[in-house]
Amino acid sequence: MDSSKPDHEIGVKGLAWAEQPGKRVIRLVVSNFLIAAAYWSTAVLVRWYFSRYQMWPAPLWVPAGISLSAVFVFGASCAPGIFLGSFLTNIVSFGGTAGSAVAVALGNTLAPIIAALLARHRIKLENPFARVSDVFVFSIVCISNGMLSALIGSSAIAMTVSAPLRSWPTRWLNWTISDAGASLLLVPVVLLLRYDPLDFRRIREHPVELLITLAVSVSSVMYLLSQSTGLLAVDAGSSFLILLPLLWIAVRFSSRLAYPILVGLMTVVIMATIAGHGPYSGVPTGGTFYIFAQMGIGFGAAVLLLGAVSEEHRTAEQALRELNQELETRVDLRTRELQESKKRLEQVAYHDPLTGLPNRRFLEERFAAARASAVRKGDHVAFLMIDLDHFKDINDTLGHDAGDELLIETGQKLVAAVREYDFVSRLGGDEFAVLLVDMPDHPQIETICTRIIEGLTDRIFFNGRDIGTSPSVGVALYPDHGDTWHEVYKAADLALYRAKRGGRGRWDWYRPERDAVGVGGG
């Protein structure tokens with residue numbers, strides 16, 4: 001707890017209060033007045049109730065829990081209220097001397113403030129008791145609060161009241177246990193209710209389990225209060241039946257739910273015992289004092305500790321789920337990046353960078369697939385090799401930009417001239433190729449060749465210049481003119497050479513009997 005920033009701890013905007021010091025003073029005065037009233041009235045009520053049943057000093061000094069709660073919530077600014085409440089309690093209600101009242105009030109004020117300093121920056125109030133270390137530190141705070149308050153108060157009483165010195169250790173021990181027990185029971189309830197909202201999701205998920213556990217808790221209290229063997233050691237063991245369902249609630253739900261139930265059940269047991277019910281009703285006052293004080297300390301610490309262990313486990317599971325989700329997201333992202341990189345690499349490896357058409361490597365792989373399909377269906381695969389006539393003259397006279405534009409236009413016109421499922425490729429330079437799949441007859445191939453010649457003969461305009469050329473096309477057929485890629489490719493190349501030699505701007509079939517080199521055994 002940061003006692004130097006009380007306004008921040010209770011959720012007040014520091015800047016607003018800094019701008020309105022008058023309102024801040026009024027607020028501090030009212031807060032301290034309410035704390036003093038709560039301390040004094042509770043002290044009077046506790047003394048009246050426990051004295052009525054001959055159980056004084058009280059086994060649980062509730063005002064000690066109020067003062068420590070006030071320090072956690074309001075910080076050191078609540079010191080005047082605690083001091084005033086304690087002073088009025090001792091001098092008005094308990095009939096003490098002014099000196100002893102001041103000394104006891106000083107101890108009751110300094111003890112919670114000093115003890116709370118131990119928890120500074122170690123307990124996160126926005127989520128109290130969510131860690132085992134929080135429970136450990138808080139337990140030390142409560143015990144330290146009781147020990148320091150008892151040390152100052154017992155010493156003050158010993159010096160101002162004619163009490164035997166030998167009674168000082170007993171008074172100090174009783175005071176310590178009473179304050180520590182009350183703090184361990186009351187303060188967690190205040191902090192949990194204020195800073196840790198109840199998770200209704202878990203309750204909605206397991207409503208029947210919660211109702212059964214609550215029924216077991218009530219039944220355990222009724223059993224404890226309704227039976228007595230007369231053997232204190234045996235009867236004391238039955239009190240642990242109350243703890244079991246509370247631990248179950250702390251684990252399965254949260255300390256936020258279990259702890260108020262614990263305080264309620266402890267209150268019922270104490271009140272019923274004072275009224276003469278249960279195994280502890282016949283125990284001498286001193287014995288009952290230690291029983292309830294120790295139950296408050298032990299049961300409270302057990303519920304907080306097991307609740308913290310459970311919360312840490314849930315937090316670790318949530319963190320693991322978030323980590324797995326983050327890893328899955330990263331893996332998905334990395335997978336997409338790799339897929340995109342693969343696509344880019346394939347684009348570079350299998351496509352011509354200028355026209356965007358597949359290259360010769362891709363064409364060869366596509367021919368293998370088309371060949372396999374043709375074998376199954378008994379069809380032909382036509383391979384057209386296309387060369388632009390006098391393309392070198394265009395590069396030399398108009399520049400490479402004009403030549404590049406012509407190549408791009410050629411690729412687009414070839415794609416438009418063939419069917420959607422045919423395959424157009426740029427082999428390199430001014431050479432292109434077309435793979436016609438599922439071709440049952442020659443007339444259909446000839447129609448496509450004619451369409452290519454007509455399309456590529458159209459002229460284009462580049463930088464105000466009229467650019468034109470004509471294509472020469474060589475046609476080879478699988479399986480008529482070759483059985484492998486290299487054989488069909490060579491056959492189409494020979495047919496192209498003969499088309500150029502025959503006048504350019506035309507297409508021709510591969511004819512093994514007329515070409516210079518026979519291919520495919522035709």
Side-chain angles (χ1 to χ4, degrees), residues 38-72 82 85-86 89-90 93-94 104 107-108 111-112 115 138-139 141-150 153-154 170-193 221 224-225 236 239 242-243 246 258-281 283-304:
Y39 190 105
W40 188 14
S41 60
T42 303
V44 172
L45 179 62
V46 168
R47 175 159 185 169
W48 168 81
Y49 187 82
F50 284 100
S51 297
R52 179 182 178 186
Y53 295 98
Q54 291 78 46
M55 288 188 63
W56 186 257
L60 297 171
W61 184 239
V62 180
I66 293 177
S67 62
L68 187 58
S69 298
V71 173
F72 269 107
I82 298 174
S86 179
T89 297
N90 285 276
S93 302
F94 291 0
V104 172
N108 290 338
F138 178 74
S139 300
V141 168
C142 291
I143 295 174
S144 300
N145 177 41
M147 292 176 63
L148 185 57
S149 176
S154 298
T170 301
R171 183 183 295 111
W172 175 83
L173 180 61
N174 292 345
W175 195 318
T176 298
I177 294 178
S178 179
D179 280 15
S183 298
L184 265 169
L185 283 178
L186 181 60
V187 179
V189 175
V190 173
L191 296 183
L192 288 170
L193 291 176
V221 172
L224 174 66
L225 298 176
S239 62
I242 304 174
L243 183 61
L246 295 173
Y259 215 84
I261 297 174
L262 166 65
V263 174
L265 295 179
M266 284 289 298
T267 303
V268 170
V269 172
I270 293 174
M271 295 178 66
T273 299
I274 292 175
H277 302 285
Y280 305 131
S281 59
V283 178
T285 302
T288 309
F289 176 93
Y290 285 109
I291 288 174
F292 289 139
Q294 291 170 3
M295 283 178 62
I297 295 174
F299 285 14
V303 171
L304 288 178

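The first residue of the sequence shown is numbered 1, and numbering continues consecutively from there. Side chains included, hydrogens not; waters and symmetry mates left out as well; all remaining heavy atoms used.
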request  = Indicate yes or no for a side-chain donor-acceptor contact from S86 to the backbone of I82 under 3.5 Å, with no hydrogens or angles considered.
outcome  = no
request  = For side chain to side chain contact (heavy atoms under 4.5 Å, CB included), just list the numbers for L185 and L262, CA-CA rounded to whole Å, side-chain angles, deciding distance to a tenth of an Å, and then say yes or no.
outcome  = CA-CA 8 Å; L185 283 178; L262 166 65; 4.2 Å; yes
inquiry  = Checking Y39 now: which residues fulfil ring pair (Phe, Tyr, Trp, His ring centres under 6.0 Å) with it, not counting sequence neighbours?
reply    = none
request  = With the side chain counted from C-beta on, respond yes when F72 and V190 share a heavy-atom pair under 4.5 Å apart, and no when they do not.
outcome  = no
remark   = One should read off an interatomic distance between F138 CZ and L68 CG, to the nearest 0.5 angstrom, of 6.0 Å
ask   = Does any N or O in the side chain of S178 come within less than 3.5 Å of the main-chain N or O of N174, such that one atom is a donor and the other an acceptor?
value = no
task = Working to the nearest 0.5 Å, report the span between CG of N145 and CG of N108.
result = 8.5 Å
ask   = How many angstroms lie between atom CG of L184 and atom CD1 of I177, to the nearest 0.5 angstrom?
value = 12.0 Å
key: For G65 against V187, the heavy-atom pair lying closest together   = O-CG2, 3.5 Å
query = Roughly how far, to the nearest 0.5 Å, is the CZ atom of F299 from the CE atom of M266?
reply = 7.0 Å
key: Donor-acceptor pair, side chain of S149 and main chain of G146, under 3.5 angstrom   = no
inquiry  = Taking the side chain as everything from C-beta on, heavy atoms only, tell me whether L304 gets closer than 4.5 Å to P188.
reply    = yes
message = As an exercise, state the distance from CH2 of W61 to OG of S67, rounded to the nearest 0.5 Å.
response = 10.5 Å
key: Main-chain N/O of M147 paired with W172 side-chain donor or acceptor, under 3.5 Å   = yes
query = Looking only at heavy atoms, what is the nearest atom pair of A182 and L60, with distance?
reply = N-CD2, 3.6 Å
key: Residue pair I66 / L186, side-chain heavy-atom distance below 4.5 Å   = yes
task = Would you indicate whether the side-chain heavy atoms of L246 and L265 approach each other to under 4.5 Å?
result = yes
request  = Provide the closest heavy-atom pair for I143 versus A180 in the form atom of the first, atom of the second, distance.
outcome  = CA-CB, 4.1 Å
